[in-house]
Undergrad: 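Okay, handing you the structure first.
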Amino acid sequence: MHGADEAETLHTAPLVATRTLLLLDDLRVPYSVTPRASARAWHEISAGGRAGGLHWWAAGDQDAGGYTLGDTPIWGRVAEDRIVAEYVAGLDGDWRRDVPVLGPDGERQASVWRTPEGDAVMPFDPDELVANLRSERYRDARGARGRFRALSRRGYYALKPALPHRLQIALRRVFARKQGRTSFPRWPVEPALHDLVAFVLGCLADVAREPVPYLAPWPAGRDWALVLTHDVESAAGRDGIGRVRAIEQAAGYRSCWNLVPERYRVDDGLVAELRAAGNEVGVHGLRHDGRDLESLATLRERLPEIRRWADRWGAVGFRSPATHRRWEWMPMLGFDYDSSYPDSDPYEPMPGGCCSWLPFFNRDQVELPITLAQDHTVFVILRRDERLWRDKADLLRRRGGMALIIVHPDYMLADEPLARYARFLEAYRDDTTAWKALPCEVSAWWRARAATSLRFTDGRWRIEGPAAERAHVAFVAPAGTGVS
């Protein structure tokens with residue numbers, strides 16, 4: 001993918017699909033939908049009325065499973081080669097198997113088929129694969145082994161209050177050595193979702209035989225986003241807010257402070273002071289006891305108080321304590337955005353991750369993934385320094401992602417952790433490619449971008465909608481990946 005000015009003139013072949021593709025909608029790729037007269041197991045998107053196109057499989061009663069598309073892990077339902085062979089037999093062109101889809105045993109189970117002209121057939125529904133990663137449905141595949149690990153974690157956290165602090169840390173460090181060896185999602189970076197999206201876009205550009213436009217993720221020509229957040233877990237953390245704020249202010253940053261309303265006293269004056277200084281205040285659960293999402297009944301019981309405190313503080317964002325999360329329940333919280341999903345984190349009480357370093361929607365709620373490792377994990381459990389943050393942030397900068405960090409003032413009571421955080425902030429202080437935004441600003445931008453579209457008129461791509469003044473067009477070029 002590459003950026004370009006929205007005035008760039010191109011010959012354009014209209015893209016027409018037989019079904020919506022949320023993957024393209026997320027990117028704001030311009031296309032239209034002409035449904036088939038009758039439901040079929042296959043859908044396609046073509047360019048300029050030409051024969052051929054990009055086809056995908058969207059039916060079947062196969063169980064979802066874990067596969068590898070080339071080198072990219074995927075999770076979902078996949079059509080075997082015999083099913084695809086029957087389908088391509090009815091299409092024009094010289095179709096051949098190309099990119100392999102491997103099963104858990106490493107054997108080829110299916111393939112992406114192509115023609116020399118660049119037309120392609122995918123043996124899966126890309127929307128299903130993206131949704132399965134974002135919602136962590138792949139965790140269902142862990143079966144008995146995963147359930148045993150979950151029981152072990154619950155046992156540890158049930159006993160934790162009775163354990164001496166040094167013993168807690170020692171046990172966490174021992175357990176961390178096993179957690180860090182998880183095969184999926186890989187840590188500290190799992191690029192599977194974004195590699196999948198890039199693959200599908202590349203196939204589409206090959207079909208179009210010209211660059212395909214989309215709206216770049218970030219406003220005002222920024223290449224990536226850097227978002228600072230804090231979870232204030234205790235009274236000691238509340239009292240340490242000023243030390244962390246002083247470091248951020250000196251480096252010209254703003255941040256979001258997620259407070260717990262019923263665990264320690266939160267004066268309205270503190271909230272007003274934070275907001276007056278240009279910062280944001282969010283809600284970090286009701287009591288930080290890990291029970292907000294333990295059941296639907298508990299959530300419904302606590303939700304009125306959570307909402308009352310959100311209204312009192314003017315909070316539009318939520319983060320669940322210990323990053324507990326349930327995909328189906330998060331939109332019920334009623335916040336503009338949630339930030340409880342890591343992109344990849346094997347060290348939290350609920351390991352896993354959404355595999356995304358960009359915001360996305362869960363129904364009407366914006367999800368802002370946590371993409372940098374938590375400070376307690378980095379400094380205490382792994383005994384590393386801020387270079388772990390730097391390495392991941394630099395990768396996200398290269399790939400146009402969002403570096404969203406959690407720093408707890410509770411763990412910033414000594415000088416050395418504060419110095420490490422200060423060095424991290426200083427590294428990007430003068431980086432003009434970064435959008436240094438509050439979470440609420442990122443969420444508002446993502447909503448405006450989702451309501452904005454591209455239209456080809458008078459020989460150029462024009463941006464129309466609420467994000468038009470700040471958005472810009474990027475393009476993915478044909479890769480010429482057809483079979484030769």
Side-chain angles (χ1 to χ4, degrees), residues 26 66-69 71-76 129-142 145-146 149-150 153 172 175-199 217 224-227 229 231 319-320 322-327 330 338-360 362 366-382 384 386-408 424 439 442:
D26 286 346
Y67 300 88
T68 304
L69 171 66
D71 296 324
T72 301
I74 60 175
W75 173 258
L129 302 190
V130 170
N132 286 344
L133 293 177
R134 286 176 174 173
S135 64
E136 299 180 294
R137 292 190 191 114
Y138 63 84
R139 296 174 63 203
D140 297 339
R142 294 178 178 173
R145 183 180 179 186
R149 289 182 177 176
R153 286 190 299 272
R172 284 287 311 276
F175 192 35
R177 287 196 289 269
K178 297 182 179 180
Q179 291 174 308
R181 293 196 296 265
T182 182
S183 60
F184 188 85
R186 292 162 289 185
W187 187 87
V189 179
E190 178 50 76
L193 186 147
H194 296 283
D195 287 349
L196 171 66
V197 170
F199 176 83
W224 65 299
L226 178 58
V227 183
T229 74
D231 292 351
R319 176 170 294 132
S320 178
T323 63
H324 290 174
R325 53 202 183 267
R326 282 286 295 269
W327 179 259
M330 305 313 283
D338 171 64
S339 185
S340 302
Y341 280 79
D343 66 329
S344 173
D345 192 338
Y347 300 108
E348 283 299 288
M350 184 179 288
C354 63
C355 304
S356 179
W357 53 61
L358 291 177
F360 56 89
N362 180 357
V366 176
E367 188 62 47
L368 303 181
I370 306 156
T371 56
L372 299 184
Q374 296 203 29
D375 50 354
H376 186 264
T377 299
V378 175
F379 300 155
V380 179
I381 304 304
L382 301 180
R384 304 276 293 275
E386 78 282 352
R387 284 175 291 185
L388 186 61
W389 285 338
R390 288 278 311 273
D391 290 345
K392 178 73 173 285
D394 289 347
L395 180 144
L396 294 171
R397 174 169 57 183
R398 290 193 299 271
R399 297 204 59 168
M402 174 178 65
L404 190 150
I405 193 172
I406 303 175
V407 169
H408 300 77
F424 172 76
V442 177

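All values below were derived from every heavy atom in this structure, side-chain atoms included, with hydrogens, water molecules and symmetry-related copies excluded.
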Undergrad: Do Asp345 and Thr323 pass the side-chain contact (heavy atoms from CB on, under 4.5 Å) test, and can you show the C-alpha distance, the side-chain angles, and the key distance before you say yes or no?
TA: CA-CA 10 Å; Asp345 192 338; Thr323 63; over 6 Å; no
Undergrad: For a 4.5 angstrom cut-off between non-hydrogen side-chain atoms, does Arg139 reach Met350?
TA: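 Answer yes - side chains close enough.
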Undergrad: Of all the heavy-atom pairs spanning Gly76 and Leu129, show the shortest one and how long it is.
TA: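 Of all heavy-atom pairs spanning Gly76 and Leu129, the closest is CA-CD2, 3.7 Å.
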Undergrad: With distance as the sole test, does Asn132 use its side chain to make a donor-acceptor pair with the main-chain N or O of Trp75 at under 3.5 Å?
TA: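 Yes; judged by distance alone, with no hydrogens or angles, the pair exists.
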Undergrad: Could you measure the distance from the CZ atom of Arg325 to the CZ atom of Arg319? Nearest 0.5 Å is fine.
TA: 11.5 Å
Undergrad: How close do Asp343 and Pro369 get, heavy atom to heavy atom, and via which atoms?
TA: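 Heavy atoms of Asp343 and Pro369 come nearest at N-CB, 4.5 Å.
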Undergrad: Give, for atom CG of Asp338 and atom CE of Met330, the distance between the pair rounded to the nearest 0.5 Å.
TA: 3.5 Å
Undergrad: Applying the side-chain contact (heavy atoms from CB on, under 4.5 Å) criterion to Cys355, which one of Ser344, Pro185, Pro73 satisfies it?
TA: Pro185
Undergrad: Between Thr229 and Ile405 (side chain of the first, backbone of the second, donor and acceptor by atom type, cut-off under 3.5 Å), is there such a pair?
TA: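 Yes, the answer is positive, given that a donor and an acceptor are paired below the 3.5 Å cut-off.
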Undergrad: Do the side chains of Ile370 and Ser339 get nearer than 4.5 Å, heavy atoms only?
TA: yes
Undergrad: Tell me whether Asp375 contacts the main-chain N or O of His408 through its side chain, where contact means a donor paired with an acceptor under 3.5 Å.
TA: yes
Undergrad: If I compare all heavy atoms of Ala192 with all of Phe184, which pair ends up nearest, and what's the gap?
TA: CB-CE1, 4.1 Å
Undergrad: Please find the pair of heavy atoms, one from Ser340 and one from Glu367, that lie closest to each other, and give the distance.
TA: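 Residues Ser340 and Glu367, closest heavy atoms: N-OE2, 3.2 Å.
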Undergrad: With a 4.5 Å cut-off on side-chain heavy atoms, are Met402 and Ser356 touching?
TA: no
Undergrad: Arg399 and Asp195: side-chain contact (heavy atoms from CB on, under 4.5 Å), yes or no, with the steps?
TA: CA-CA 11 Å; Arg399 297 204 59 168; Asp195 287 349; 2.9 Å; yes
Undergrad: Do Trp389 side-chain atoms and Ala373 backbone N/O form a donor-acceptor pair below 3.5 Å?
TA: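 At least one qualifying donor-acceptor pair exists.
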Undergrad: Check step by step if side-chain contact (heavy atoms from CB on, under 4.5 Å) holds for His194 and Trp357.
TA: CA-CA 8 Å; His194 296 283; Trp357 53 61; 3.3 Å; yes
Undergrad: Compare every heavy atom of Ala393 with every heavy atom of Leu372, then report the nearest pair and how far apart it is.
TA: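 So the minimum-distance heavy-atom pair works out to CD2-N, 4.0 Å.
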Undergrad: Answer yes or no: is there a side-chain heavy-atom contact under 4.5 Å between His376 and Ile406?
TA: no
Undergrad: Do Arg387 and Asp394 sit within salt-bridge range, that is, some charged N less than 4.0 Å from a carboxylate O?
TA: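 No.
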Undergrad: Main chain of Leu196, side chain of Thr72: is a donor-acceptor contact present, judged purely on distance under 3.5 Å?
TA: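 No, Thr72 side chain to Leu196 backbone: no donor-acceptor pair under 3.5 Å.
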Undergrad: Got a second to check how far Leu404's CG is from Leu358's CG, nearest 0.5 Å?
TA: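 These two atoms lie 12.0 Å from each other.
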Undergrad: side-chain contact (heavy atoms from CB on, under 4.5 Å), that's the test. Do Glu348 and Thr377 meet it? Break it down for me.
TA: CA-CA 9 Å; Glu348 283 299 288; Thr377 299; 4.1 Å; yes
Undergrad: Do the side chains of Asp391 and Arg384 get close enough for a salt bridge, i.e. N-O under 4.0 angstrom?
TA: no
Undergrad: Is there side-chain contact between Tyr341 and Glu136, with at least one heavy-atom pair below 4.5 Å?
TA: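 In contact.
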Undergrad: Please report the closest heavy-atom contact between Leu368 and Pro439, naming both atoms and the distance.
TA: CD1-O, 3.5 Å
Undergrad: Does the Asp26 side chain pair with the main chain of Phe360, one donor and one acceptor, at a distance under 3.5 Å?
TA: no
